Structures are given as C-alpha cells and as structure tokens.
Enquirer: 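Okay, here's the structure, questions in a sec.
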Amino acid sequence: MINITFPDGAVRSYEAGISGLDIAKSISEGLARKVLAASVDGEVWDATRPITKDAAVRFLTWDDVDGKKTFWHSSAHLMAEAVEALFPGVKFWVGPATENPAGFYYDMDLGDRKMTEEDLAALEKKMNELAKQNNAYVRKEVSKPEAIQYFTAKEDPYKLDLIGGLNDGDITFYTQGGFTDLCRGPHIPSTGLIKAVKLTNIAGAYWKGDEKNKQLTRVYGVSFPSQKELDAHLALLEEAKKRDHRKLGKELGIYTMDDDVGQGLIMWLPNGTVIIEELEKLAKETELEAGYKRVVTPHIAKESMYLTSGHLPYYADSMYPPMELDGEKYYLKSMNCPHHHKIFAAEPKSYRDLPFRIAEYGTVYRYEQSGELFGLMRVRCLHMNDAHIYCTKEQFNDEFRAVNDMYLKYFKIFGIEKYVMRLSLHSPEKLGIKYVNEPELWKETETMVRNVLIESGIPFVEVQDEAAFYGPKIDVQIYSVIGREFTLATNQVDFSQGRSFKLQYTAQDNKAETPLIIHRAPLGTHERFIGFLLEQYAGRFPVWLAPVQVKVLPISDKFQDYARSVELALKKAGIRAEVDDRNEKIGKKIRDTELMKVPYMLVIGEKEMNEGKVAVRRQGRGDLGVKSLEEFIAETAAEISERRAE
RNA sequence: GCCGUUGUAGCUCAGUGGUAGAGCACUUCCUUGGUAAGGAAGAGGUCGUGAGUUCAAUUCUCAUCAACGGCUCCA
C-alpha cells in the first residue's frame with residue numbers, strides 16, 4: 001500500500017501501482033471524467049500512469065494551466081495521427097502546446113507534398129473521427145537502441161535527432177490508435193476527451209529555429225473539451241480583431257502607408273500627430289523634471305562613426321545602405337546613441353558634470369526584414385523616446401532606478417498593467433560573436449541591474465541571450481491583441497561604447513575615467529507606443545490624448561452660430577473642438593461621433609442657445625445632462641491637464 | 001529573407017473567359033430634424049503591376065510589388 005496526500009492535506013492509502021485516474025474514480029466519477037493529468041509530487045504525469053510509492057497528488061483539469069497544456073499537447077498528437085492518415089510518409093519534428101496563442105502546433109516534413117489551407121478542413125474531420133474512437137494514450141518506456149531501431153525503420157531523421165540528445169532510460173513512446181510518437185508526455189487519458197478542434201493556420205518554420213536549416217511545415221490549431229468552448233474562443237478572437245491597431249488606426253484616421261513611399265514607412269495623419277505631440281509634451285515635462293537636457297542631432301552620419309560605435313559589424317544588414325558622396329559613405333542613423341556620445345565628447349567633462357543626461361525624440365531608420373513589418377509595431381522609420389545618461393559607477397544604481405521609476409510613472413498614467421519586466425542577459429557562449437567580449441563586465445553589470453530590480457521590488461523574469469551587444473537591459477514586454485510579443489520600453493546598461501568613443505571625465509582624483517552609459521526609452525517609439533495604446537484603449541483614448549476632444553453638434557443649422565461660439569470658447573481654453581455642421585439629423589451626428597470615439601459631444605439646440613448652456617454627452621456612456629459652458633470648460637480643462645485616465 | 005494566403009470604388013466586400021456590382025463614405029437637391037443611420041438623384045474602378053496563353057483575360061499561367069498568418073531577426 002502507498003499513502004497519497006491530497007492538496008487539502010488529507011492522506012489516503014491505495015494499492016501500489018494505482019493510477020491518478022483510478023484514485024479520482026475512487027473519489028467521484030464526476031471528478032474522474034474531468035481529470036486530464038495528475039500532478040505527482042509536483043511533476044505533471046499521465047493520469048493513467050501507475051503511482052508506485054507515497055506521493056502528493058493533485059488532479060489537473062481544464063481549469064489548470066498544466067491541464068490545458070496536456071490537453072493541447074495530446075491534441076497535437078491527434079492531429080499528427082490525422083496528418084499521417086492523409087499525408088502518408090510525413091515525418092514529424094515536435095508538437096508542443098502553446099499558451100500565446102492558446103493551442104498547439106506540430107512541425108512536420110511533408111517531403112515533396114504541400115499542404116494548403118484547403119487541407120485543414122479534411123484534417124479536422126479526420127481528427128474528429130479519430131477522437132470519437134476514444135483511443136487511450138499509452139505510455140511505453142523504451143531503451144535507446146529500441147527507439148533508434150524504430151525510427152531508423154521509419155527513416156525518420158528528425159526523431160532520430162531528438163533521440164540522439166536523450167539518455168537511455170529517459171525515452172518514452174506514446175501510442176494512440178495507430179499512431180506512435182517519441183514523446184516525453186504527459187498526455188490526457190484518451191482522445192475522446194477532445195470534443196472540438198480548429199486548425200487555424202499553416203506556416204513555415206525553420207527546423208530547430210535556424211534559418212540555415214530546412215523549413216518545415218507548421219500547422220497551428222486549438223482544441224477544447226466542448227464545442228461551446230471552442231465557439232466562445234473563436235468569438236473572443238473576433239472581438240480581439242476589432243481592437244487591432246491596424247484596423248483602428250485606419251478607422252480613426254491615425255496613420256497611413258503608401259506603396260510609393262515604401263514598406264514600413266508610416267505617415268501620421270492629423271489625428272495621429274495630435275497623439276504624438278501629446279506624448280512628446282508628457283515626455284519633455286517628465287524629462288525636464290528629472291534633470292535631462294534636450295538635444296537635436298542629424299538623421300545621417302558617416303560610416304566611421306558606426307565603426308567606432310561597433311554597430312556596423314552587428315547591424316549593417318538592417319541599416320539602409322549608405323549613400324556615397326565625395327568618397328565618404330553616409331548612413332541613415334538607426335540609433336541615436338553615437339550622435340549623443342559625440343555631444344558628450346564635445347566639451348570636457350568633470351565628475352561634477354555627471355550624471356549627464358541628454359534626451360531627444362530621435363528619428364531612426366532600420367531596414368527591418370520585410371516579413372517582420374507589422375502595422376505600427378514594427379516599422380522602418382521610428383521616433384524614439386531616447387535619452388542617454390552618462391554617469392559614474394557609484395551613480396549608476398540611483399540613475400538606473402530613476403529610469404525604472406519613470407516607467408512606472410508612465411504606466412500609471414496610461415493604465416498599463418499587463419506587461420512583463422524582462423531582465424535581458426547575454427549568453428556566455430556568444431561572447432565575441434553577438435556580445436562584446438568582456439565576461440567580467442557582463443557579470444558585474446548584470447548583477448547591478450538585477451539588484452536594482454530587486455531593490456525596487458518589481459517582479460521580473462530573467463531571459464538569456466536577449467541583451468544588447470554592449471550590455472544587459474531591462475525590457476518591458478507587452479502583447480498585441482493578436483498575441484504577438486513586443487518590447488515596449490527598454491532600459492539598458494552600456495559598458496562598452498564609452499570606451500569605443502573614448503568618452504572621459506575627470507574624476508575627483510584628477511584621473512580620466514570612462515563613464516557608464518544608460519540607454520533608455522520608457523515610451524519606446526511613437527510608432528509602437530501609439531500602436532499599443534490604440535489596442536489598450538480600443539481606440540477610446542482618454543481625453544488628454546484624444547485627437548478631437550469635443551464635438552459640438554448643433555440640432556439644426558439655426559444653431560450653427562452658437563455652435564461656432566462654443567467651439568471658439570473651447571479652443572481658447574486649449575480644448576480640441578470641432579463643429580459637425582453637416583446637414584444631418586442629431587441622431588446621425590451622434591452616431592458618427594460615437595464611432596469616431598470622440599470623448600465629449602455637446603448637443604446644441606434652442607434651449608442651450610437661449611441659456612448659454614451645453615447638453616453634454618460622453619462617448620460610450622450617453623447623455624450626462626445640461627450644464628453651463630463655463631462649467632464644462634473648467635471641468636474638461638482640468639481633466640486634460642491632469643491627464644486623467646477616464 | 002523564408003513558408004503559406006490574399007490583392008475588385010476612399011472603406012468593407014460580392015462577382016464573371018465576352019472589357020464590373022452592393023452597402024457605407026463623397027457631390028447636389030429636398031428636409032431644419034432633441035441623444036447611435038431622414039429621403040432622392042449623381043459621380044466614382046484601365047479589377048495591384050508587367051508579361052504569357054486565347055478570337056477575347058479582371059477571371060487561366062508565370063513574374064513582380066504590397067498586405068496578411070507564421071518562422072527567422074529586432075541596437
């Protein structure tokens with residue numbers, strides 16, 4: 001007999017070799033029907049796997065992340081079985097569950113055959129058929145030679161490659177119906193639990209994520225324990241699409257692009273430009289308070305500067321090619337730092353001048369790969385909320401922390417809550433390739449950055465191989481509505497460029513020292529930040545950011561003169577106002593203004609004109625009643641100057 | 001850059017081997033209407049671009065450009 005401890009602390013005895021599923025059955029049939037996997041001493045197991053010794057057991061259902069992931073991973077196997085039935089000879093690589101987007105995929109080599117989206121319906125049908133057979137997922141431990149033999153017979157180089165990296169004793173096969181796969185597991189008890197599947201798209205994916213390797217076919221899908229849940233999921237995706245910044249950006253007249261201008265080159269329309277100017281105003285105020293000085297630098301520079309900075313060897317491919325004049329090569333700048341370093345170097349610096357903080361909304365150009373361009377989030381001309389802080393090692397902690405505090409201040413203003421702070425570290429094996437070869441400095445600065453995060457009490461994740469070539473950084477990761485991850489803001493340490501540019505200051509002991517440099521962009525770029533805000537607010541900008549803050553809607557043209565005087569009074573108070581003077585009924589004017597997500601509407605008719613009042617309507621909320629124009633102006637001006645969220 | 005999909009009016013989309021349609025937007029007229037679409041008329045497209053097949057191509061084929069879904073990349 002073995003003792004099983006449950007999450008509530010209860011302990012019960014069972015015969016050794018009992019499965020999690022049978023334990024669940026002993027508690028209730030209803031529970032057993034929902035069990036997808038079992039957590040055994042903290043490890044996720046097949047619910048059907050025998051438990052041979054005392055253990056703490058928790059049942060994983062659809063309500064657990066690990067339950068869902070097991071379900072989706074098993075769905076990937078089910079899809080593979082269907083693919084094998086319809087595309088005989090297919091060879092599989094890996095098929096994991098994914099959280100973002102929710103679901104699973106499987107990478108496969110179809111040989112000479114091609115899969116198109118038309119095949120997906122047939123595959124779904126086959127999957128449903130196979131699911132109805134309710135085949136058990138059967139786990140089998142196999143020896144390494146046995147596994148090699150099996151996949152050699154199948155002429156499957158991919159699984160053989162996987163087996164090569166595994167140790168004898170760690171290798172398991174899973175079989176459901178007629179399909180056997182090398183897999184670590186775990187899996188759900190049987191295919192019958194998968195009641196609804198949707199294969200969403202086909203994509204190419206490089207083998208092992210390396211573009212030098214062959215490109216495999218990746219099929220994405222998602223599955224649920226009921227059709228209802230699948231429908232709800234698909235409806236949610238449809239809803240999300242309505243918040244897509246590319247859709248809203250067009251509808252609200254924020255930005256446009258044009259083939260004749262070029263890929264990834266944004267033209268800001270008047271509405272978008274208002275938002276840019278408000279953001280810049282906020283940044284300039286904030287940076288002024290924080291002791292930054294503003295600078296302005298050119299859009300181009302000679303090759304020699306990018307050789308000095310060390311950018312060219314790393315990024316030549318993603319810079320616009322140089323223009324050659326008078327035997328000199330000039331590049332469009334793809335970062336502002338070298339120019340800023342030159343400003344630091346322009347006058348001799350003493351330790352008394354440090355920290356030296358210079359800020360610029362710098363325009364940079366990056367020749368991003370065409371396939372990477374994505375609305376406003378990934379573009380080729382961007383405006384960075386850039387600044388560089390040159391400081392001593394002793395000052396670093398305070399300076400770096402102040403930058404972090406600046407983020408948090410901004411995030412509060414914008415109501416940004418869903419983000420991940422990422423401590424981006426280097427990879428030691430890529431020193432000298434992707435990262436400057438200074439192992440000690442890497443260690444030292446990474447510790448410094450980590451400590452700042454810990455001291456600030458900010459939750460963060462550490463990720464290797466995400467640092468800049470010149471030092472570690474903190475990235476603020478956000479997700480677009482379609483689930484793509486982006487760095488919104490960044491705060492970076494640079495122990496390298498100061499030396500490359502021979503930047504120096506005179507220390508108290510009269511010795512020349514090299515400053516540390518902080519590169520920071522708490523508001524990222526206008527492009528990405530506004531793209532993010534569009535999605536975050538679903539186009540309903542807070543009043544201070546709204547391109548048009550108040551729309552004045554006369555009931556008929558009899559009241560146009562009064563409407564004009566209201567508009568003028570609003571404008572004089574610094575409020576962005578427009579009159580809707582179209583020959584339309586009030587219902588139509590309201591509808592159109594609602595759709596343009598203008599925060600305030602002032603309905604003007606006979607009564608209002610006679611009494612010098614306005615009837616206020618708030619976008620998305622409806623009629624707020626009548627008040628005097630002065631009162632409305634005072635309230636709205638306050639809402640704007642305080643940058644109120646609602 | 002790679003794999004796949006798409007490309008018709010300003011926008012959203014239908015359609016066809018015999019040189020194109022809807023709704024909204026736009027223009028004009030009627031209407032002067034009190035909180036999410038008043039009515040009528042009109043104008044607007046060499047069907048992304050180039051080549052090929054054909055008596056004939058927006059439709060079929062190829063190339064190219066761009067957008068979209070991924071992969072890779074992201075200072």
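Proteins come first, then strands; the chains are lettered A, B, ... in the order of their sequence lines, and each starts at number 1. For clarity, every value in this text was computed on a predicted model and none was experimentally measured.
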Enquirer: Just compare B/C71, B/A75, B/C74 and give me whichever is closest to any side-chain atom of A/Met319.
Expert: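 Comparing B/C71, B/A75, B/C74 against the side chain of A/Met319, the answer is B/A75.
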
Enquirer: Are any of A/Tyr206's side-chain N or O atoms less than 4.0 Å away from OP1 or OP2 of B/G70?
Expert: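 False: A/Tyr206 side-chain N/O out of range (4.0 Å or more) of B/G70 OP1/OP2.
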
Enquirer: Please give the nucleotide sitting opposite B/A25 as a Watson-Crick or G-U wobble pair, both distances under 3.5 Å, or none.
Expert: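 Because no pair has both required distances under 3.5 Å, B/A25 counts as unpaired.
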
Enquirer: For B/U27 and B/U64, measure between their P atoms and round to the nearest Å.
Expert: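 After rounding to an integer number of Å, I get 42 Å for this pair.
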
Enquirer: Which one, B/A75, B/C71, B/G1, comes nearest to the side chain of A/Arg218?
Expert: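 Nearest nucleotide to the side chain: B/C71.
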
Enquirer: Within the structure, does a side-chain N or O atom of A/Arg591 lie under 4.0 Å from either OP1 or OP2 of B/U35?
Expert: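 Checking A/Arg591 against B/U35: no side-chain N or O falls below 4.0 Å of OP1 or OP2.
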
Enquirer: Any N or O donor-acceptor pair under 3.5 Å from the base of B/A36 to the side chain of A/Arg617?
Expert: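 Yes, the side chain and the base share a sub-3.5 Å donor-acceptor pair.
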
Enquirer: What is the separation between atom CG on A/Asp109 and atom P on B/C3, rounded to the nearest whole Å?
Expert: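 That distance rounds to 14 Å.
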
Enquirer: Starting the side chain at C-beta, find the nucleotide from B/C24, B/U31, B/A75 nearest to A/Lys588.
Expert: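 Given the options B/C24, B/U31, B/A75, the side chain of A/Lys588 is closest to B/C24.
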
Enquirer: What's the gap between B/U54 and B/G48 when it is taken at their P atoms, as a whole Å value?
Expert: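 Each nucleotide's P atom is 23 Å from the other's.
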
Enquirer: Identify which nucleotide among B/G70, B/U32, B/U12 has an atom closest to any side-chain atom of A/Arg484, counting heavy atoms from C-beta outward.
Expert: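 The closest nucleotide is B/G70.
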
Enquirer: Would you check if A/Trp93 and A/Asp109 make a side-chain contact, meaning some heavy-atom pair closer than 4.5 Å?
Expert: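 A/Trp93 does not reach A/Asp109 side chain to side chain.
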
Enquirer: Out of B/U5, B/G34, B/C2, which nucleotide sits closest to the side chain of A/Ile586?
Expert: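 Out of B/U5, B/G34, B/C2, the nucleotide with an atom closest to A/Ile586's side chain is B/G34.
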
Enquirer: May I ask you to verify if any side-chain N or O of A/Lys250 is less than 4.0 angstrom from the OP1 or OP2 atom of B/G10?
Expert: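 No, outside the criterion.
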
Enquirer: Compare side-chain N and O positions of A/Arg378 against OP1 and OP2 of B/C68 and report whether any pair is under 4.0 Å apart.
Expert: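 False: A/Arg378 side-chain N/O out of range (4.0 Å or more) of B/C68 OP1/OP2.
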
Enquirer: Check every atom of B/A36, B/C26, B/C71 against the side chain of A/Arg582 and return the nucleotide holding the closest atom.
Expert: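 From the listed options, B/C26 comes nearest.
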
Enquirer: Return the nearest nucleotide to the side chain of A/Asp259; candidates are B/A66, B/A75, B/G1.
Expert: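 Nearest to the side-chain atoms of A/Asp259, counting from C-beta on, is B/A66.
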
Enquirer: For B/G17, which nucleotide in any strand shown is its Watson-Crick or wobble partner with both distances under 3.5 Å?
Expert: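 Its partner is none (no Watson-Crick or G-U wobble pair with both distances under 3.5 Å).
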
